[in-house]
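Below: the structure, in structure tokens.
Each chain gets a letter, A, B and so on, in the order its sequence line appears, and its residues count up from 1.
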Amino acid sequence: KSGGTHILKPLMSPPTREEILATLMDL
Amino acid sequence: RQDLNFGQVVADILCEFLEVAIHLILYVRDVYPSGIFQKRKKYNVPVQELNGNLNQYIQDTLHCVKPLIEKNEAEKVVVVIMDKEHHPVERFVFEISQPPLLSISSETLLSHVEQLLRAMILKISVCDAVLDNNPPGCTFTVLVHTREAATRNMEKVQVIKDFPWIVADEQEVHMEEAKLVPLKTMTSDILKMQLYVEEKTRK
């Protein structure tokens, strides 16, 4: 089972550290 | 209860555990600032929990993974920590195997599973002692290794509208010069699981 043929992942990435920090700044 | 769906029970237990484990990994491996975590107790041990968008993202991910676990089609769930260039530096691999169908006979059985999961959580909470520090600016993704070709499982995993899944890139899966760090193995009547970390030797 080499390669990515048996492996799935969400298309969207999680929020980054910077995005999380920016959200906190806005609060 | 006789009408309990065995696969559903295992999937519920496992997804609840994976949620706690993912939050804890992100905390222990410093992927997000410690200030956004809140201390909670799960399995009677202290864990760290995220709120907001990030929590929703993890919940959505696991909600989609659940049907695969229910049908015993998920072989591994992997939390990949990647550097700024999106190259994996660590892979936390949860290797899952479920025995052939059996009925859940008593609550004692479930309580035994909980004790085993507790031991696994404790091991994650101290794993930074055996791993090297990660470079700054890391991100993460969750991969699901399926027993059959991923395309056959695409429909099962896509249970949330606006949360599409794709086949993972080779770049996220493959890690050169990695060492294997075994963390914990659990064996119960309803679930067997191995947790190990593949760590890049030069991060």
Side-chain angles (χ1 to χ4, degrees), chain A, chain B residues 22 26 30-33 35-36 50-58 60-65 68 73-78 80 82 84 86 136-154 156-158 160 162-174:
Chain A
K1 290 184 184 178
S2 61
T5 53
H6 287 81
I7 308 170
L8 290 165
K9 66 159 201 171
L11 172 65
M12 281 178 290
S13 304
T16 63
R17 191 183 179 105
E18 286 69 28
E19 283 163 357
I20 293 281
L21 285 174
T23 316
L24 288 177
M25 299 286 192
D26 289 343
L27 291 177
Chain B
I22 293 171
L26 298 178
D30 200 25
V31 178
Y32 292 99
I36 66 164
L50 289 156
N51 293 310
N53 289 350
L54 208 40
N55 183 31
Q56 191 59 53
Y57 180 88
I58 296 165
D60 287 351
T61 304
L62 290 172
H63 188 75
C64 295
V65 170
L68 294 178
E73 279 162 10
E75 195 173 48
K76 293 174 191 171
V77 175
V78 186
V80 188
M82 294 168 295
K84 274 182 185 164
H86 293 277
C138 282
T139 56
F140 82 101
T141 190
V142 177
L143 305 178
V144 185
H145 291 235
T146 59
R147 291 189 205 282
E148 300 276 330
T151 42
R152 283 194 211 164
N153 289 302
M154 205 58 104
K156 284 176 205 135
V157 84
Q158 247 145 228
I160 301 179
D162 304 328
F163 200 84
W165 286 69
I166 53 170
V167 173
D169 306 327
E170 181 67 26
Q171 182 183 289
E172 287 152 334
V173 176
H174 191 66

**Report entry** Option in B:Val142, B:Thr139, B:Val157 with maximal non-hydrogen atom pairs under 4.5 Å from chain A
**Finding:** B:Val142

Report task. Examine distances only and state if a side-chain atom of B:Glu148 and a backbone atom of B:Asn153 form a donor-acceptor pair shorter than 3.5 Å. Result -> no

Query raised in the report: Nearest 0.5 Å, what's the CD-NE2 distance between B:Glu73 and A:His6?
Result: 11.5 Å

Report task. Count the heavy atoms of every other residue, nucleotide or ligand shown that sit under 6.0 Å from CG of B:Asn55, and state whether that count exceeds 12. Result -> yes

Query - Per-residue contact mode, B:Val78 against chain A (heavy atom under 4.5 angstrom) - result: neither

Report summary line: For B:Trp165 and A:Pro10 the tightest heavy-atom approach is CE3-N, 3.5 Å

Query raised in the report: Taking B:Leu68, B:Ile166, B:Leu143 one by one, which has the highest count of heavy-atom pairs under 4.5 Å against chain A?
Result: B:Ile166

Requested in this report: Against chain A, label B:Ile36 side chain, backbone, both or neither, depending on which of its atoms sit under 4.5 Å from a heavy atom there.
Outcome: side chain

Requested in this report: Select one option (side chain, backbone, both, neither) describing which atoms of A:Thr16 are under 4.5 Å from chain B's heavy atoms.
Outcome: both

**Report entry** Segment of B:Asp60 engaging chain A (4.5 angstrom heavy-atom cut-off)
**Finding:** neither

Query raised in the report: Atom CG of B:Leu26 and atom CG of B:Leu54: how far apart are they, to the nearest 0.5 Å?
Result: 6.5 Å

**Report entry** Heavy-atom proximity to chain A below 4.5 Å, by part of B:His145
**Finding:** both

Report task. Give the C-alpha distance, both sets of side-chain angles, the deciding distance and a yes or no for side chain to side chain contact (heavy atoms under 4.5 Å, CB included) between A:Arg17 and B:Asp30. Result -> CA-CA 10 Å; A:Arg17 191 183 179 105; B:Asp30 200 25; 3.9 Å; yes

